[in-house]
Amino acid sequence: SGAPTYLDILRENSERMLQLVNMLLEVARIDAGRMVLSVKPVRLGELAEEVTRSVEPYARGGGVRVEFACPVGLPPVRADREKVKMVIQNLIDNAVRYTPTGGRVAVAIAPRGADAVELAVTDTGRGIPSSAQHLIFQKFFRAGGVSERGQAGSGLGLYIARSVITALGGEIGFSSREGVGSNFWFRLPVWRAEHASA
């Protein structure tokens, strides 16, 4: 729908600033061992689709195609909706930011056995140098330089992501090849009746 207006740019910048403030607050809670989780059954596909749709205009503006795939009938997972939303936002945002014009970001949800559901974000971006891969989940880590979209991230998103997913009893990981792209994924346990009293 045409070039972004001055108002669009202001809105996006203020949203990013708010996101950064929220991330800093979350990091302070994690570091103090005070992260509070509101655990409920969450439909990961619905949540991820909502985030994907909100990122699409930004991606399209940078010439990056975003694809979304989720099978029907997946069980809900044990999650904190707002915190997991922050994790998904971060993974997709990173993927778009480091993918060159003409590239692609794919968001896919899939069952992992009977007990977990996985979300994976795959990009055709610049990838992470193998020498830096062991540092990826550390606080303030950045893979050097600015991104394809001309801005570096805060270096907090993946630190928060690991803390949140681990606290929810899930797993998080990635694989990446420089010049080829990256795949970031996390798995969360399927919601069971006993989680309601846990």
Taking all atoms of both residues into account, what is the closest heavy-atom pair of [X] and [Y], and its distance?
X	Y	answer
Ala161	Ile172	CB-CD1, 3.8 Å
Val64	Thr99	CG2-O, 3.6 Å
Leu74	Cys70	CD1-SG, 4.1 Å
Ile109	Leu44	CD1-O, 4.2 Å
Glu171	Ile165	O-CG2, 3.4 Å

Assigning hydrophobic clusters by single linkage (Ile, Leu, Val, Met, Phe, Trp, Tyr; side-chain heavy-atom cutoff under 4.5 Å), is Phe137 placed with Leu24? yes
Give the cluster check for Leu37 versus Val77: same hydrophobic cluster or not, with ILVMFWY residues linked at side-chain heavy-atom distances below 4.5 Å. yes
Qualifying residues under salt bridge (charged side-chain N to carboxylate O under 4.0 Å, His left out), relative to Glu118, sequence neighbours excluded: Arg112, Arg187
For Glu67, the salt bridge (charged side-chain N to carboxylate O under 4.0 Å, His left out) test, sequence neighbours excluded, returns Arg65, Arg104
Modelled atom types, side-chain donor and acceptor of Ser38 and Asp80, under 3.5 Å: no
Who pairs with Ser163 by side-chain hydrogen bond (donor to acceptor under 3.5 Å, both in side chains), at least two apart in sequence or on another chain? none
Going by heavy atoms in the side chains, are [X] and [Y] under 4.5 Å from each other?
X	Y	answer
Val66	Arg60	no
Leu119	Ile88	yes
Phe184	Ile128	yes
Leu47	Val84	yes
Met86	Val164	no
Leu188	Val117	no

Is a side-chain N or O of [X] found less than 3.5 angstrom from the main chain of [Y], in a donor-acceptor match?
X	Y	result
Asp123	Ser182	yes
Arg126	Pro100	no
Lys83	Val36	yes
Gln133	Ser176	yes

Other residues, nucleotides, ligands: >12 heavy atoms within 6.0 Å of Arg177 CZ: no
Mind checking the [atom1]-[atom2] spacing from [X] to [Y]? Nearest 0.5 Å is all I need.
X	Y	atom1	atom2	value
Ile92	Phe68	CD1	CZ	8.5 Å
Arg81	Glu46	CZ	CD	8.0 Å
Ile136	Tyr159	CD1	OH	15.5 Å

Got a sec, which pairs hit salt bridge (charged side-chain N to carboxylate O under 4.0 Å, His left out) with one end in residues 28-40, sequence neighbours left out? Glu26-Arg29, Asp31-Lys139
With side chain to side chain contact (heavy atoms under 4.5 Å, CB included) as the criterion, how do Leu91 and Trp185 come out once you've worked through the C-alpha distance, each side chain's angles and the decisive distance to 0.1 Å? CA-CA 9 Å; Leu91 295 184; Trp185 57 267; over 6 Å; no
Could you tell me which residues satisfy side chain to side chain contact (heavy atoms under 4.5 Å, CB included) with Gln89, sequence neighbours excluded, listed by chain and number? Gln19, Val51, Lys85
Once ring pair (Phe, Tyr, Trp, His ring centres under 6.0 Å) is applied, do any residues pair with Phe186, and if so which ones, sequence neighbours excluded? none
